[in-house]
Amino acid sequence: PPPPVGGRGAGGRPASDVGACRWRCRRLAMVAHDEDSEDLPVRPELVRQLSTFAEEIEHENLLDAIEGDKAQEGDNEAAGKRRSCGLPAFVHSREAETNFANILQRMIERTLRPEAPKTSLEKLAARIRIFEDHTFKFKLGTEGSATFSECRSTQFRRLRAAAGIAEEEYMKSLCSQPFKGHSGQGGKSGALFLKSQDDRYILKTIEEHEFICLKDILPNYLLYLEENRSSLLSRFYGAYALTIGRVTLRVVVMNNCLRGEQCQIYDLKGTTEDRWVDPSLHAVLKDNNFSPHVMLFDAAKVQQFRAAIQDDAEFLESCGLMDYSLLVGVASEPPVGDGDGAAARSEPGLAVHHGWLRTGDGSPEPRFFQFGIIDYLQRWTPKKVAAHWMKKFTIGCINEIDTEPPHVYCARFYKYFTTKILPAAA
């Protein structure tokens, strides 16, 4: 039955609304997550690419076996990078990246543009299909096969609809032109990043535990974003898995929350452990780099940002998540075609805000800001608990550590931004 009425919930919302949302989440989570499999005919050139990719993976597996003893003798870091996010090391070469990107693009296009049912029975099956995961099998010559899975298709379609993204528009952005922005330097994870030509979407490889986490929280995540268009959470719009041999590559499609040229980008957690980056590297900076700065906005915007950060952090806490950060883009001019705020933009989570950046006791300088909460698929696992207690009484004596329980991480995250997002003087 629906929850009782009365009281207040997270972010000041009525408890009846919060409870009703959770009740609907439980009902949505009961939707069947079965797998629908079918053999998929593909063009000969794509079969050749898949076959070549499979041969490269098998060759890499052989190298892993040969170098296994070396890894045990002390090359553990290199061995870890080799299998980061399920990616063999060779995928980070430019030629292999391009090959993988083309395969991925064609597979996504196939899932977004299914063949029209021909018989009346096929049309009936298409109307009543309730399966959420669709797995397509590919023949690789006379021996071997590959599979491509589109995960939770109905729920991701609802997420795109909630953001005002038409399916034709989504497919055009992802599939009409080759991906760009290839990068094998996805922070500590070593993830592979791809970007659509129009800069609207980012495709990122993730680890298995993150992939499972996303599928687990998806019902709650969907309803939360349907009801909170002003949320700063980066949006996931698709999740796919390509399996060749013994290797599975897991990819998510996200909105690009920082568009246009940025003077600087900061990744802020509210912690001080390992949060300094040498500015001469021209990389994403972190909390200790940002320590002398504060962001100034009109009082109404300050209240809006703080409420959004609090609501988002409390939602992530309710999902048992931690170790997320706020990505802040700072520009001296607004991106081409954008104005102050997001009123003119239909897609949520992509606001450009005019404000001021003050450094120390200096005079505030006008800037344009973009925000997005990212990297929130980390659960409070036994591994994180162990890391917490190892750090707490060592580096935790002088630094704010990042491995804190979700409720502590949530409170600290919100508190930090109450000191960094301030009202401008009248």
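Proximity of H407 to W380: side-chain heavy atoms (C-beta onward) are nowhere separated by under 4.5 Å. Residues V252 and Y240 form no side-chain contact, since every pair of their non-hydrogen atoms from C-beta on lies 4.5 Å or further apart. L214 has its side chain out of reach of D216: every pair of non-hydrogen atoms, C-beta onward, lies at least 4.5 Å apart. Inter-residue side-chain proximity for L296 and V294 is flagged as met; some heavy-atom pair is nearer than 4.5 Å. Between E109 and T111 there is no side-chain heavy-atom pair separated by less than 4.5 Å. Residues N399 and R275 are not in side-chain contact: their nearest non-hydrogen atoms beyond the backbone lie 4.5 Å or more apart. Looking only at side-chain heavy atoms (C-beta outward), L242 and T147 stay at 4.5 Å or farther from each other. Counting heavy atoms from C-beta outward, F148 and T243 have side chains that stay 4.5 Å or more apart.
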field: Stepwise side-chain contact (heavy atoms from CB on, under 4.5 Å) check, S234 with I373
entry: CA-CA 6 Å; S234 61; I373 296 178; over 6 Å; no

task: Please report the C-alpha distance between L326 and F417 in whole Å, then the side-chain angles of each, then the deciding distance to 0.1 Å, and finally whether the side-chain contact (heavy atoms from CB on, under 4.5 Å) criterion is met.
output: CA-CA 10 Å; L326 181 70; F417 287 105; 3.4 Å; yes

- request: Determine, step by step, whether I401 and T271 satisfy the side-chain contact (heavy atoms from CB on, under 4.5 Å) criterion, reporting the C-alpha distance in whole Å, the side-chain angles of both residues, the deciding distance to 0.1 Å, and the verdict.
  value: CA-CA 6 Å; I401 62 175; T271 68; over 6 Å; no

- request: Applying salt bridge (Lys or Arg N to Asp or Glu O under 4.0 Å), run through R250 and E207 and close with a yes or a no.
  value: CA-CA 7 Å; R250 300 169 183 87; E207 298 181 51; over 6 Å; no

query: Can you check salt bridge (Lys or Arg N to Asp or Glu O under 4.0 Å) on D323 and K384, steps first, answer last?
result: CA-CA 10 Å; D323 208 19; K384 294 289 187 182; 3.6 Å; yes

- request: Run the numbers on D287 and K269 for salt bridge (Lys or Arg N to Asp or Glu O under 4.0 Å), then give the verdict.
  value: CA-CA 7 Å; D287 297 73; K269 291 185 175 182; over 6 Å; no

Step-by-step side-chain contact (heavy atoms from CB on, under 4.5 Å) determination, F368 to L357: CA-CA 9 Å; F368 293 88; L357 187 69; over 6 Å; no

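Within 6.0 Å of CH2 on W389 lie no more than 12 heavy atoms contributed by other residues, nucleotides or ligands. Atom CD of E167 has more than 12 neighbouring heavy atoms from other residues, nucleotides or ligands inside a 6.0 Å radius.
The two atoms that bring R379 and M322 nearest to each other are O-SD, 4.0 Å, heavy atoms only. The two residues K180 and S196 have their closest heavy-atom pair at CE-O, 3.6 Å. Across all non-hydrogen atoms, the minimal contact from F315 to S318 is O-OG, 2.5 Å. For the residue pair C175 and R106, the shortest heavy atom distance occurs at O-NH2, 3.2 Å. When all heavy atoms of C319 and I217 are compared, the pair lying nearest together is CB-CG2, 4.2 Å. Contact between G329 and L258 at its shortest, heavy atoms only, is N-CD2, 3.7 Å.
In this structure, the separation between CZ on F179 and CZ on F100 is 9.5 Å, given to the nearest 0.5 Å. Atom-to-atom distance recorded for S149:OG and K137:NZ is 10.0 Å, nearest 0.5 angstrom. The distance from the OG1 atom of T394 to the CE atom of M390 is 7.5 Å, given to the nearest 0.5 Å. How far CG of L327 is from CD of Q370: 9.5 Å, rounded to the nearest 0.5 Å. Taking CG of D312 as the reference point, atom CG of L233 lies at 4.0 Å (rounded to 0.5 Å). To the nearest 0.5 Å, atom CG of residue L316 and atom CD of residue Q378 are 12.0 Å apart.
A salt bridge does not link E333 to R367: none of the charged nitrogens lies less than 4.0 Å from a carboxylate oxygen. A salt bridge is absent between K172 and D198: the closest approach of a Lys/Arg side-chain nitrogen to an acidic carboxylate oxygen does not fall below 4.0 angstrom. Under the 4.0 Å criterion applied to side-chain N and carboxylate O atoms, D375 and K204 are assigned as salt-bridge partners.
Of the possible donor and acceptor atoms, none in the side chain of S173 sits under 3.5 Å from a partner among the backbone N and O of Y170. Panel note: side chain Q197, backbone P178; a donor-acceptor pair is recorded below 3.5 Å. Formation of a donor-acceptor pair under 3.5 Å by the T419 side chain with backbone atoms of Y416 is found in this model. Side chain of K420 to backbone of S291: a donor-acceptor contact under 3.5 angstrom is found. Using modelled atom types, one side-chain atom of R306 and one backbone atom of I421 make a donor-acceptor pair closer than 3.5 Å. Judged by distance alone, with hydrogens and angles left aside, the side-chain atoms of N256 form a donor-acceptor pair with the main-chain N or O of D199 at under 3.5 Å. The backbone N or O of R259 sits less than 3.5 Å from a side-chain atom of Q262, completing a donor-acceptor pair. A donor-acceptor contact shorter than 3.5 Å is absent between the side chain of R235 and the backbone of L225. With hydrogens and angles ignored, the 3.5 Å screen pairs a side-chain donor or acceptor of N289 with a backbone N or O of V277. Here the side chain of H353 pairs no donor or acceptor atom with the backbone of F369 at under 3.5 angstrom.
Cation-pi geometry between R110 and F136 is satisfied (NZ or CZ under 6.0 Å from the ring centre, within 45° of the ring normal).
Side-chain atoms of S153 and H134 include a donor-acceptor pair closer than 3.5 Å.
Results of the salt bridge (Lys or Arg N to Asp or Glu O under 4.0 Å) test with D402 over K286, K391, R412 single out K391 as the only residue that passes. Between Y376 and the options Y224, F236, Y409, a ring pair (Phe, Tyr, Trp, His ring centres under 6.0 Å) holds for only F236.
Checked against the 6.0 Å centroid threshold, F413 and Y324 count as a close aromatic pair. Checked against the 6.0 Å centroid criterion, the rings of Y237 and F156 do not qualify as a close aromatic pair.
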